Amino acid sequence: MALGMPKNESDKMVDKIEGGSTNKIVKIFILFFIVAICCLVLNYHSNTYILEYFPNSNKSIFSKKLSTYDSNISGKKSSTQENYLTYSKKQKIKLKKVLKEAAMGDKTVIITTLNAAWTAPNSIFDIFLESFRIGNNTKALLKNLLVVAFDQIAYSRCLEIHTHCYALITKNVDFSGEKKYMSGDYLKMMWRRTDFLRIVLQMGYNFILTDVDILWFRQPFAHFYSHVDFQIACDYYLHNSSNPNNAPNGGFKFVKSNNQTIQFYKFWNKSRRTYPGKNEQDVLNKIKYSPFKKKIGLKMRFLDTSYFGGFCEPSKYLNYVCTMHANCCIGLDNKIHDLRMAINDWKNYMALPNDERKSYKYTWSLPRICG
C-alpha cells in the first residue's frame with residue numbers, strides 16, 4: 001500500500017497500471033498478427049508457374065517463379081519476385097537429354113511451339129511438317145526439330161507423328177484453344193516461350209526458333225551471319241542487315257548460346273514491365289535501340305526477306321526462298337488457306353525441269369486471303 005494513501009485507492013492505481021500493461025501487450029500481439037496475415041496473403045497471390053516435362057508416360061515437374069508480370073495484360077502489376085526457373089540436378093539432366101537428342105553436332109536445335117488448336121489433323125502442324133518433306137534438302141532437318149507443346153493435347157498429337165516432343169505446361173492456364181492475336185492468353189503464351197528459350201541458352205544450346213506457320217523450303221544456314229549472336233527475320237526489310245529500323249518478326253530467329261544472348265534474354269523479359277500489355281515482338285522493337293545491347297556487346301542482325309519471306313513481304317522468286325511465313329495474317333483458317341497455296345506453288349516449281357527452274361523466275365500466287 002502506498003504511503004499516505006487509502007488502501008482502496010492504492011489498489012485501484014495498481015489495477016490501472018497492470019491493466020495498461022496488458023492493453024499494450026494485446027495491441028502488440030494484434031499488430032504482429034495483422035502483419036503475419038498480410039504476408040500470407042501476398043505469398044498466396046504470388047504467381048507460381050509449372051514446367052512439366054512428359055517423356056512418354058513419365059512426368060517430372062519443374063517449379064519456377066519468373067520475374068514476369070502476367071497481370072500487366074490487364075494493366076495491373078503482379079507481386080511476383082524476380083526469380084527465374086530453378087530445378088534439381090535430376091530435372092536438369094532430363095531437359096538436357098531431350099535437347100541433346102534433337103541437337104546438331106554444334107548443339108543447335110530447331111524449335112517450334114504450338115498448342116492443340118494448331119495440331120488438329122490437316123491443320124497448321126501437318127502443313128509445317130510437309131514443307132520439310134518436300135523442301136530442297138530440308139527433310140533431314142526433321143531429326144533436329146524439337147516441338148514444344150503448350151498443352152497435353154498438343155503433346156499427345158506430337159508424339160503420334162514426330163520424334164522429338166516436349167511438353168511446356170503452365171499450371172492453371174489452358175492454352176489448348178485458338179488464341180486470338182494480342183489476347184491475354186496469347187501474350188502469356190508468347191512470354192512463356194521467350195523465357196523457355198532463355199533456359200535453352202543457359203543450357204548451352206543454340207536454337208533456330210520457327211513459328212509453326214512458317215514453311216521450310218531450303219536449308220537456311222548459308223544465309224546466316226557467322227559472327228552474329230542474335231539474328232532475326234523481318235516483316236519488312238530495309239536492305240541493310242544492321243539497320244535497327246528493320247521490322248523484326250519474333251517468329252524466326254537464330255540465337256547462339258553465350259553470355260551476351262543470355263543477358264539479352266533476361267533483359268528482354270524484364271522489359272515486359274516497362275511496356276505492359278505488349279507482346280515479346282513489340283517489346284523487342286523497343287529494346288533493339290537500347291544502349292544495353294551495346295553495353296553487353298550483343299551483335300544483332302536482321303535477315304533479308306528475299307530468303308526469309310512472309311505474307312507481309314514475300315520473297316519475289318522461289319529460286320532463293322528458304323522460308324515462307326504466314327505473317328500479316330490473322331485467323332487460323334486464313335493461314336491454312338494461303339499456306340496450302342504456298343505448298344502448291346512450291347510443288348509446281350519443283351516439278352519443272354532443273355534447267356527451266358534455274359532460268360525461269362517463278363513467283364508466288366499468294367497471299368490470297370492474307371497479307
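One-based numbering along the sequence shown. All values reported here derive from a predicted model rather than from experimental measurement.
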Backbone N or O of [Y] within a donor-acceptor pair of the [X] side chain at under 3.5 Å?
{"X": "Asn269", "Y": "Tyr265", "value": "yes"}
{"X": "Asp345", "Y": "Ser365", "value": "yes"}
{"X": "Asp338", "Y": "Arg368", "value": "yes"}
{"X": "Lys278", "Y": "Val283", "value": "no"}
{"X": "Asn144", "Y": "Ala102", "value": "yes"}
{"X": "Lys253", "Y": "Pro248", "value": "no"}
{"X": "Asp211", "Y": "Asp213", "value": "no"}
{"X": "Ser123", "Y": "Thr119", "value": "no"}
{"X": "His162", "Y": "Leu129", "value": "no"}
{"X": "Thr112", "Y": "Val147", "value": "no"}

Can the SG atoms of Cys328 and Cys370 be said to lie under 2.5 Å from each other?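 No, Cys328 does not link to Cys370 through a disulfide.
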
Rounded to the nearest 0.5 Å, what separation is found between the CH2 atom of Trp364 and the CE atom of Met341?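 Spacing of CH2 (Trp364) from CE (Met341) equals 11.0 Å.
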
Residues Asp126 and Arg157 bridged, charged N to O under 4.0 Å: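 So Asp126 pairs with Arg157 through a salt bridge.
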
Give me the atom names and distance for the closest heavy-atom approach of Tyr225 to Lys256.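 Answer, listing the atom of Tyr225 first, then Lys256: O-NZ, 4.4 Å.
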
Nearest heavy-atom pair of Ala116 and Asp151: which atoms, and what distance?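 What the structure gives for the nearest pair is N-OD2, 2.9 Å.
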
Would you sort out whether Thr194 and Glu280 count as a side chain to side chain donor-acceptor pair (under 3.5 Å), showing the intermediate values? CA-CA 7 Å; Thr194 302; Glu280 88 293 356; 5.0 Å; no

Determine whether Thr113 and Val212 make a side-chain contact, defined as any pair of heavy atoms from C-beta on separated by less than 4.5 Å.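 Thr113 does not reach Val212 side chain to side chain.
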
When you group the ILVMFWY residues by side-chain heavy-atom contacts below 4.5 Å and let the links chain together, are [Y] and [X] in the same group?
{"X": "Leu339", "Y": "Ile161", "result": "yes"}
{"X": "Val228", "Y": "Phe221", "result": "yes"}
{"X": "Phe252", "Y": "Leu238", "result": "no"}
{"X": "Tyr236", "Y": "Tyr307", "result": "no"}

With a cut-off of 6.0 Å (strictly less than), are more than 12 heavy atoms of other residues, nucleotides or ligands near NZ of Lys299?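 No, because the 6.0 Å sphere around NZ of Lys299 holds 12 heavy atoms or fewer from other groups.
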
Any side-chain donor paired with an acceptor under 3.5 Å for Asp229 and Asn258?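 Asp229 vs Asn258: donor-acceptor pair found between side chains.
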
Trp216 pairs by side-chain hydrogen bond (donor to acceptor under 3.5 Å, both in side chains) with which of Thr138, Thr210, Asn136, Thr323?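 With Trp216 as partner, side-chain hydrogen bond (donor to acceptor under 3.5 Å, both in side chains) holds for just one option, Thr210.
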
